[in-house]
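In what follows, a single structure is set out as structure tokens and then discussed.
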There are 2 protein chains.
Amino acid sequence: MSNCIKDIEHLSVFDLLTEEEIIFLDKHKTTVSYKKNETILKQGTFASTILFGKSGYFKLHIEGKKKGIILAVKKSNAFLGLSSLYYVNKTYLYSVTALEDCEVDVYDKSIFLEVMHNNVSFSNEIIKYINHNSARIFNRFLCVAEKNARGRVADMLICFSRNIFERLEFTLVMTRQELSDFVGLSMENTVRILKEFEDDQIIKISGKKVEIIDMDVLQKIRDFG
Amino acid sequence: MSNCIKDIEHLSVFDLLTEEEIIFLDKHKTTVSYKKNETILKQGTFASTILFGKSGYFKLHIEGKKKGIILAVKKSNAFLGLSSLYYVNKTYLYSVTALEDCEVDVYDKSIFLEVMHNNVSFSNEIIKYINHNSARIFNRFLCVAEKNARGRVADMLICFSRNIFERLEFTLVMTRQELSDFVGLSMENTVRILKEFEDDQIIKISGKKVEIIDMDVLQKIRDFG
DNA sequence: CCTAAAAGTTGAATTTTATCAATTTTTGTA
DNA sequence: TACAAAAATTGATAAAATTCAACTTTTAGG
């Protein structure tokens, strides 16, 4: 029972499209490369495009006055910023930033909506993605609200291992500051807790390389923290 | 510039329906009364209905292992639990509980989906509500993550005043514990901060009755806290 | 390869928040 | 109205988390 819900596989949605629809979409599609740390979508700006991350990792985040919060981390083959499709004031709800060099397919929003309009099963699937994304974020909200610092950091590590990298050994794509923005803690506190986990031989961590040694204990810290 | 987004007016969406559609929906509708503190929707249960709150106030909340978090407070004439319409595992994402005696229209989900299917503008409007609800919750997430205790309590009071009760004087529909679950603080801390605000003549509070005396200062506490 | 800037680390001090315990007030119901 | 249960309040204490400052390591770019 984890607070960290796995993302849906987005790629298969294109199977619901006809040849013609794919051609129509592709005609109005461009593929853009972004460098690490480049802003792909900026919260509050007018939303005229729909993005699909082809390669790389992405963070969905809201920039506050004092701090920011990372709502979600997405890997390749996922839509980015879908919820702006139907958002009332037609702006992006959150920013999307490249966590490493990446490629993104950029669809024209009106064309995308047209295809959705004519293909109900495609449309339903897209809306499912939007809701699933929200569900993930609601659960992260709960996690930050109810868990202490160690619990949050443990939850984050488990989440990355299971849902992003799908391995016990992985290389973080985020800085310590970004990890802190993900869990809602100060950077120093995050660093210290990671070190505690290492001292207790629960993880190995060196720079951006992480290995989870004792998943059982990490889960207990998550559950009781 | 507030973290607290006002809810959309939901009632007008029914204007988008034809006479026939309204009759069709109504035929499969029942109206149910709930008492204060009754659970209307339970998170995790199978979602077979769509609810529309006709009167009263409602809390949308996730129940965690240790604490819970109130995602949103809704007043009358709003849909409740819409996001389960398209959620992958067909369960409710969050619980909905009556904050006072209320009446709720209960629609059959499959009938509701059928109407949505046949009426695109209705469908689009419903999806907008879902996204708007998410947007509100994302911003509350940011608020809880970036603000200190006083800032969160100030934000909550402003939010209630502006978006729920639309007056500077209002009667809370939540207990101190529920206020605490809304802002992610311990109850004692919430109580103490409310008392501080009263001592500083920023608000008057007596039991559930609140009056905001100095909105300017309250906003400053929100912005700098 | 060198260097400046950025990122990461650590300890100490301080602030913030939660917890605990005792008490008062309010509420719901017989 | 009376009474028990629930909710709210308050103060004292403990725990948790942040901040500040100094320092080290890593990274990016010439």
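Throughout, protein chains are lettered first and strands after them, A, B, ... in sequence-line order, and every chain is numbered starting at 1.
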Ionic contact status for A:Lys29 with A:Asp105, cut-off 4.0 Å = yes
inquiry  = Using a 6.0 Å cut-off, check whether atom CD of A:Glu9 has over 12 heavy atoms from anything other than its own residue.
reply    = yes
message = Could you check whether atom NZ of A:Lys66 has more than 12 heavy atoms from other residues, nucleotides or ligands sitting under 6.0 Å from it?
response = yes
ask   = Rounded to the nearest Å, what distance is computed from the NZ atom of residue A:Lys195 to the C1' atom of nucleotide C:dA7?
value = 17 Å
remark   = Taken to the nearest whole Å, CZ/B:Arg150 to P/C:dA18 is 15 Å
inquiry  = Can you pull out the residues from residues 206-213 of chain A that lie within a 4.0 Å heavy-atom distance of DNA chain D?
reply    = none
request  = Could you please spell out the steps behind the ring pair (Phe, Tyr, Trp, His ring centres under 6.0 Å) verdict for A:Phe160 and A:Tyr57?
outcome  = CA-CA 12 Å; A:Phe160 287 170; A:Tyr57 294 90; 9.5 Å; no
query = Can you check whether B:Tyr107 and B:His28 have ring centres sitting under 6.0 Å from each other?
reply = no
query = Do the side-chain sulfurs (SG) of A:Cys4 and A:Cys159 come closer than 2.5 Å?
reply = yes
task = Return each pair, listed once, that meets side-chain hydrogen bond (donor to acceptor under 3.5 Å, both in side chains) where at least one residue sits in residues 72-82 of chain B; pairs must be two or more places apart or across chains.
result = B:Asp7-B:Lys74, B:Lys74-B:Asn133, B:Lys75-B:Glu166
I'd like to know if the side chain of [X] reaches the main chain of [Y], judged simply by a donor and an acceptor atom lying under 3.5 Å from each other, with no hydrogens or angles considered.
X	Y	result
B:Arg136	B:Ile5	yes
A:Arg150	A:Leu194	no
A:Ser186	A:Asn189	yes

key: hbond_proxy A:Arg192 side chain to C:dG11 base (donor-acceptor, 3.5 Å cutoff)   = yes
Position toward the 5' end of DNA chain C (nearest nucleotide), B:Lys36 or B:Ile193 = B:Ile193
query = For DNA chain C, what residues of residues 172-190 of chain A have any heavy atom nearer than 4.0 Å?
reply = A:Thr175, A:Arg176, A:Gln177, A:Met187, A:Glu188
request  = For the pair B:Asp155 and B:Lys147, evaluate salt bridge (charged side-chain N to carboxylate O under 4.0 Å, His left out) and give the outcome as yes or no after the intermediate values.
outcome  = CA-CA 9 Å; B:Asp155 185 79; B:Lys147 288 193 198 308; 5.4 Å; no
remark   = In the 5' to 3' direction, the nucleotides of DNA chain D bounding the stretch that comes under 4.0 Å of a heavy atom in chain B are D:dA8 to D:dA12
message = For the helix from C:dC1-D:dG30 to C:dA30-D:dT1, what angle separates the axis at the start from the axis at the finish, each from five pairs, in steps of 10°?
response = 60°
task = Check the angle between the aromatic planes of B:Phe52 and B:Phe79 and answer parallel, tilted or perpendicular using the 30° and 60° thresholds.
result = perpendicular
Under 3.5 Å donor-acceptor pairs involving side-chain atoms of residues 39-49 of chain B, not counting sequence neighbours:
{"residue": "B:Lys42", "atom": "NZ", "partner": "B:Glu63", "partner atom": "OE1", "Å": "2.9"}
{"residue": "B:Gln43", "atom": "OE1", "partner": "B:Glu63", "partner atom": "N", "Å": "2.7"}
{"residue": "B:Thr45", "atom": "OG1", "partner": "B:Lys42", "partner atom": "O", "Å": "2.7"}
{"residue": "B:Thr49", "atom": "OG1", "partner": "B:Tyr92", "partner atom": "OH", "Å": "3.0"}

